[in-house]
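The structure appears right after this line, and notes come after that.
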Amino acid sequence: MNFWKISASMICADHGNIERDTKILDSSSVEWLHIDVMDGSFVPRFGMYPEQVSTIRNFTNKKIDAHMMVDNPEPYICAFADAGLSLMSVHIENNYHINRTIGLISQAGMEAGIILNTSTPIEAVRWLLDDPNLKLIMLLGINPGILGQGIWEPIYKKASNLKTYLQKAGRGDILIQIDGSVKKDNSAKLIQSGFDVLVCGSSTIFRSQDGALKDNIDNYRNSVKSALRGYDAV
């Protein structure tokens, strides 16, 4: 079983105690911290800002990755790079010059990722794979920006197909990330399907604001490890 990573969704953290929560995450087994950026246009909500990334960066050296749910990500690139963002992922659907955007992200000193909505075919990445700056592809397990959805069931097959597609193209180094409706009871299946990075929020690790964040992380990771052993035994 390939090593898998947790990216903690910081929009689900206690924003009145962001220093506390970031320090807990920094000392935990979580590998990445995840930022949702929303402009109220691409999706019907507003998300996080460079100033929040800067605050989080003050308390951790871990990778911070961002899901850019915005109409045009390019004006935001330098602001988030200066704030300490490590990896910026942008949607392919609304970007007429996606190769240029990936280049600008790299020039700003960050790693680049691209995002596919549920209905976007994996073949959309074909002409991006020759760019070594592309480090990650995010598949959405829900329609972005809308709360309370269950996971999109075809996501497992889509991840498996993408993993095979990347390997055949000689880009097996690209990580595959899932964002949306990751839960304790579907995480092992997601990993088995090909996901390397799981964005975890209120359904997994941020389940309470009572100081139990580290316990939630440990319990979640142990539960997933146990479920994966069950897969391996079959």
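We use all heavy atoms of the structure for the numbers below, so side chains are in, but hydrogens, waters and symmetry mates are not. None of the values given here were measured: they were computed from a predicted structure.
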Checklist entry - How close do Ala169 and Leu129 get, heavy atom to heavy atom, and via which atoms? => result CB-CD1, 3.7 Å
Item to check | Shortest non-hydrogen separation from Arg57 to Lys62 and the atoms involved | outcome: NH1-O, 2.9 Å
Checklist entry - Is there a side-chain contact between Arg221 and Trp4 (heavy atoms, below 4.5 Å)? => result yes
Checklist entry - Is there a path from Ile137 to Val197 through hydrophobic residues (I, L, V, M, F, W, Y) whose side chains come within less than 4.5 Å of each other? => result no
Item to check | Test item: Ser160 side-chain N/O and Lys157 main-chain N/O as donor-acceptor pair under 3.5 Å | outcome: no
Checklist entry - If you group Ile, Leu, Val, Met, Phe, Trp and Tyr by side-chain heavy-atom gaps below 4.5 Å, do Leu87 and Met10 land in one group? => result no
Next on the checklist: Is there a path of hydrophobic side-chain contacts, each under 4.5 Å between heavy atoms, that joins Leu33 and Leu213?
Outcome noted: yes
Checklist entry - Are the side chain of Thr204 and the backbone of Gly201 linked by a donor-acceptor contact shorter than 3.5 Å? => result yes
Item to check | Same cluster (ILVMFWY, side-chain, under 4.5 Å), Tyr76 and Ile115 | outcome: no
Checklist entry - Are any non-hydrogen side-chain atoms of His34 and Gln177 less than 4.5 angstrom apart? => result yes
Checklist entry - Any donor-acceptor pair under 3.5 Å linking the side chain of Asp196 with the backbone of Ile176? => result yes
Next on the checklist: If we ignore hydrogens and angles and just use 3.5 Å, is the side chain of Ser106 paired with the main-chain N or O of Ile102 as donor and acceptor?
Outcome noted: no
Item to check | Donor-acceptor contact below 3.5 Å, side chain Asn94 vs main chain Val70 | outcome: yes
Next on the checklist: On a heavy-atom basis, which atom in Ile217 and which in Ser29 lie closest, and how many Å separate them?
Outcome noted: CG2-OG, 3.7 Å
Next on the checklist: Around atom CG of Asn61, are there more than 12 heavy atoms from other residues, nucleotides or ligands closer than 6.0 Å?
Outcome noted: no
Next on the checklist: Has Lys5 got a side-chain atom pairing as donor or acceptor with Trp32's backbone, closer than 3.5 angstrom?
Outcome noted: no
Next on the checklist: Given 3.5 Å as the limit, does a donor-acceptor pair link the side chain of Lys163 with the main chain of Gly194, or not?
Outcome noted: yes
Next on the checklist: Using a 3.5 Å distance criterion without hydrogens, assess whether the side chain of Asp131 forms a donor-acceptor pair with backbone atoms of Leu128.
Outcome noted: no
Checklist entry - Checking Lys158 side chain against Thr120 main chain: does a donor-acceptor pair fall under 3.5 Å? => result yes
Next on the checklist: If you define the side chain from C-beta out and look only at heavy atoms, does anything of Asp26 sit under 4.5 Å from Phe59?
Outcome noted: no
Item to check | Salt bridge flag under 4.0 Å for residues Asp21 and Lys23 | outcome: no
Next on the checklist: If you count heavy atoms of other groups shown closer than 6.0 angstrom to CZ of Arg100, is the number above 12?
Outcome noted: yes
Next on the checklist: Please check: side-chain N/O of Ser181 versus main-chain N/O of Ile151, any donor-acceptor pairing under 3.5 Å?
Outcome noted: yes
